[in-house]
Amino acid sequence: MTEKYELSEGSLRLIMKGSQIQNPIMQVLGSKRIASGSADKERFRLLLSDGKYAVSFAMLTTQINDKTTKGEIVDNSIILIKRYITSVINNSGKASNKKVLVILELETLVPGDQITKIGDPQNLPDDDTEDAPPKKESTNFTVTSSTKSSNDSTMNVTTKTANISMQDQLTHPISSLTPYQNKWVIKARVSNKSNIRTWSNSRGEGKLFSIDLIDESGEIKATAFRELVDKFYDLVEIDKVYYISRCQLKLANKQFSSLKNDYEMTFTNDTIITECHDVAADIPQTRYDFISIDKIAHVEVDTLIDIIGICKSTSDLQTFQARSTGRELKKREVTLVDQSNSGIALTLWGSEAENFDGSSQPVIVIKGAKVGEFGGGKTISTLLSSIMKINPDIPEAHRLRGWFDNEGVQNNITNISAKSTASRFDTPWISIKDVQEQNLGQGERGDYFQFKGTVLLFRSERALYKACPSEDCNKKVNDLENGMYRCDKCSRDFPNFKYLLLGSVNVADWSGNMWVSLFASEAEKILGMTSQAVGEASENSPQALAEIADKTHFKQFIFKCRAKMDTYNDETRLKTVAIRVEPINYKEYNAQVIARIKQCLS
DNA sequence: CCCCCCCC
């Protein structure tokens, strides 16, 4: 084992001086949990050895904490460090800064239980300022690049005087920031920037804007208030990289941010922000934590999530008044699908909705979309703080594009935004014979059922009446024979009325026939005419209604009915109302027929 | 110190 994985002897000394060593191999001699402000943000500190030197201040970035909690890193484990940064931590109040090695990515080469301690490593002193060993000394590792300070023996690593420029300092990883320590400099990219917003409440009023900052180790939100808005708003530009120092840290309110950080920062009068023109490639763009669409079905409402999906379809732009504020709102609904063969409705707002063009079925990526619920299905919506990208150049987007074009486009998609109105789906399909034999309609609410029926007769007598012209009143009016019409329900006389149909139809299926009654809206669907048009035709010709009714014969529809016992003139009998008459959806109808045939065969 | 983010 030891032959196979030789430790990168001497590499720790160079690393702690700021050099970049390619894939150094180290042994873990110890690890311990570091107490932290919040329980879910634990950190791990490692005692690392390169076989020659040992360093006790190495940390795992929190993203890879699971390496220790899963038991992958135990004492004596040999690890390959794939990515790391060195940084300076000021022990608040103490005179000297401390160098720290933050491991961003690692691979365990040999589990600790299969090996013992290698060599007799000596602690590397904190104030190690001697020159690094000359390069000709034989080493088994490669120095790929070194920081400016590594060929300068005075090193800025332990310097914190204000008159050196920030560029000369080693920067701190965002993930190492805490409210307990405020001497730091981060080098971070602005991945999102809000507009300037004002507020006014019981605690006062003012204005603010916020930005999202990202580096290789993590991300954090930063907010500027009041006069600091004027100072920084124009200075800070989206996608650019800055050195930032002297902000105040506080606990983040997770409800309002999807960023993976327990803290957020507030700009202060002492905050310094300078642009970094020498942008290292290792400052990432936006970081996402995508959740697949099928899993959103189980996510709590109001949670902020990151999502990637193909825009399968889009609705037209809709404009309406907000009920609460009365403000005019614009929205567009987009259906996103992904490899889980699930779809979800995404709502875009305002100008984002207006300008959106989904005709090419692009990949949509959103950081910080809000999960909502409508009619029992889950939906998502963008917020002002969301970042939306169309066809971003990231591996996940290319993978999704490939899946959709090759396969997903023809897959059946389960839409998790579908309304789940149980009663509608459960309406049983039964025959007319069953309706008559099953003694339906005894209950208070009546019984609901549906069937495919053929119209045998549309009764034209008394199919039309003059109704109250008030919008929501369909009461029959009395013709006062003086040009006025009285509505008893509204207790008013009107100079006009509206025509309404009151349908009564004899419908048949394979098993029998029965009479069903229909409200105007459904009778209109069978006649293919509005009540008003039928009424006007009748005024011109007394035969018109009979002729119109004749044309309905042998038309077929799906009748969704309610059967209920009804008492009229002391006579109690079953009354069936077709509450909805719909054209036959053969896909749905045939599925039901096939299901019943299968049931018969089993 | 904000934290509103809308509708069916």
Side-chain angles (χ1 to χ4, degrees), chain A residues 179 192-213 219-233 236 246-259 261-271 299-307 313-335 344-356 366-388 415-421 424:
Chain A
N192 198 22
K193 178 183 170 183
S194 78
N195 291 322
I196 297 172
R197 195 162 53 84
T198 57
W199 85 88
S200 174
N201 59 28
S202 58
R203 277 172 288 187
E205 55 182 66
K207 59 182 174 181
L208 69 124
F209 83 99
S210 62
I211 55 175
D212 296 342
L213 293 166
E219 52 192 357
I220 194 164
K221 177 177 163 178
T223 307
F225 290 98
R226 303 176 200 275
E227 68 277 5
L228 296 175
V229 172
D230 305 320
K231 188 170 173 186
F232 291 118
Y233 189 78
V236 174
R246 299 187 189 178
C247 298
Q248 190 179 58
L249 272 99
K250 60 167 191 173
L251 269 179
N253 189 338
K254 292 284 186 185
Q255 201 188 330
F256 304 114
S257 171
S258 65
L259 299 197
N261 200 321
D262 281 356
Y263 304 114
E264 59 187 41
M265 35 196 239
T266 307
F267 292 169
T268 69
N269 283 319
D270 299 324
T271 294
V299 169
E300 217 177 302
V301 167
D302 287 343
T303 306
L304 297 180
I305 55 152
D306 299 347
I307 188 171
S313 59
T314 54
S315 75
D316 292 334
L317 186 72
Q318 290 166 260
T319 304
F320 59 93
Q321 303 275 116
R323 189 183 283 174
S324 49
T325 58
R327 242 190 313 170
E328 190 186 78
L329 298 175
K330 290 193 173 104
K331 71 156 188 177
R332 192 191 297 272
E333 243 162 54
V334 170
T335 302
I344 192 164
L346 157 71
T347 309
L348 305 176
W349 298 95
S351 58
E352 208 162 51
E354 275 183 282
N355 302 332
F356 185 78
I366 299 171
K367 184 176 178 66
K370 195 175 85 165
V371 175
E373 195 162 24
F374 179 61
K378 288 280 168 59
T379 60
I380 48 172
S381 174
T382 54
L383 306 176
L384 292 174
S385 57
S386 306
I387 310 175
M388 180 169 89
N415 193 329
I416 70 162
S417 302
K419 299 175 193 70
S420 58
T421 344
R424 214 186 58 188

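Within every chain, numbering begins at 1; the chains are lettered A, B, ... in the order of the sequence lines, protein sequences first and strands thereafter.
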*When you check the phosphate oxygens OP1 and OP2 of B/dC2, does a side-chain N or O of A/Lys221 lie under 4.0 Å from one of them?*
no
*Just how far, in rounded Å, is P of B/dC7 from CZ of A/Arg332?*
20 Å
*asked:* Please pick, from B/dC5, B/dC2, B/dC7, the nucleotide with the shortest atom-to-atom distance to any side-chain atom of A/Asn201.
replied: B/dC2
*To the nearest Å, give me how far apart CD1 (A/Ile366) and C1' (B/dC5) are.*
14 Å
*Does A/Asn192 use its side chain to pair, donor to acceptor, with the backbone of A/Ser385 at less than 3.5 Å?*
yes
_Categorize A/Lys370 for me: base, sugar-phosphate, or nothing, with a 4.0 angstrom heavy-atom threshold over every strand shown._
sugar-phosphate
*Is the backbone N or O of A/Leu304 less than 3.5 Å from a side-chain atom of A/Lys254, with the two atoms forming a donor-acceptor pair by type?*
no
*Taking OP1 and OP2 of B/dC2, is either one under 4.0 Å from a side-chain nitrogen or oxygen of A/Arg226?*
no
*Has A/Phe256 got its ring stacked on B/dC3, by the test of a centre gap below 5.5 Å and a plane angle below 30°?*
yes
_Those residues that, when tested against A/Lys331, pass salt bridge (charged side-chain N to carboxylate O under 4.0 Å, His left out) (two or more places apart)_ = A/Glu333
*Considering only side-chain heavy atoms of A/Leu329, which listed nucleotide, B/dC3, B/dC6, B/dC7, is closest?*
B/dC6
*Any A/Arg197 side-chain nitrogen or oxygen under 4.0 Å from OP1 or OP2 of B/dC3*: yes
*Can you check whether A/Asn253 has a side-chain N or O nearer than 4.0 Å to OP1 or OP2 of B/dC2?*
no
*ring-ring contact (aromatic ring centres under 6.0 Å, His included) partners of A/Phe232, counting only residues at least two apart*: A/Phe267
*Please name the residue in the list A/Thr382, A/Leu383, A/Ile387 that meets the side chain to side chain contact (heavy atoms under 4.5 Å, CB included) test with A/Ile366.*
A/Thr382
*Tell me what A/Glu264 touches on the nucleic acid: a base, only sugar-phosphate, or nothing, going by heavy atoms under 4.0 Å.*
base
*To the nearest angstrom, how far is A/Ile380 atom CD1 from B/dC7 atom C1'?*
17 Å
*Grab the CD1-P distance between A/Ile387 and B/dC5 for me, whole Å please.*
20 Å
_Distance in angstrom units between A/Glu373 CD and B/dC8 C1', rounded_ = 14 Å
*Calculate the interatomic distance between A/Asn192 atom CG and B/dC2 atom P; express it in whole Å.*
20 Å
*asked:* Go nucleotide by nucleotide along DNA chain B from the 5' end; which of A/Phe225 and A/Ser385 gets its closest nucleotide reached first?
replied: A/Phe225
*Are A/Phe374 and B/dC8 stacked, counting the six-membered base ring, centres under 5.5 Å, planes under 30°?*
yes
*Report the distance from atom CH2 of A/Trp349 to atom P of B/dC6, rounded to the nearest whole Å.*
6 Å
*From B/dC7, B/dC6, B/dC5, pick the nucleotide closest to the side chain of A/Phe320?*
B/dC7
*Could you give the CG-to-P distance, from A/Leu317 to B/dC7, as a whole number of Å?*
17 Å
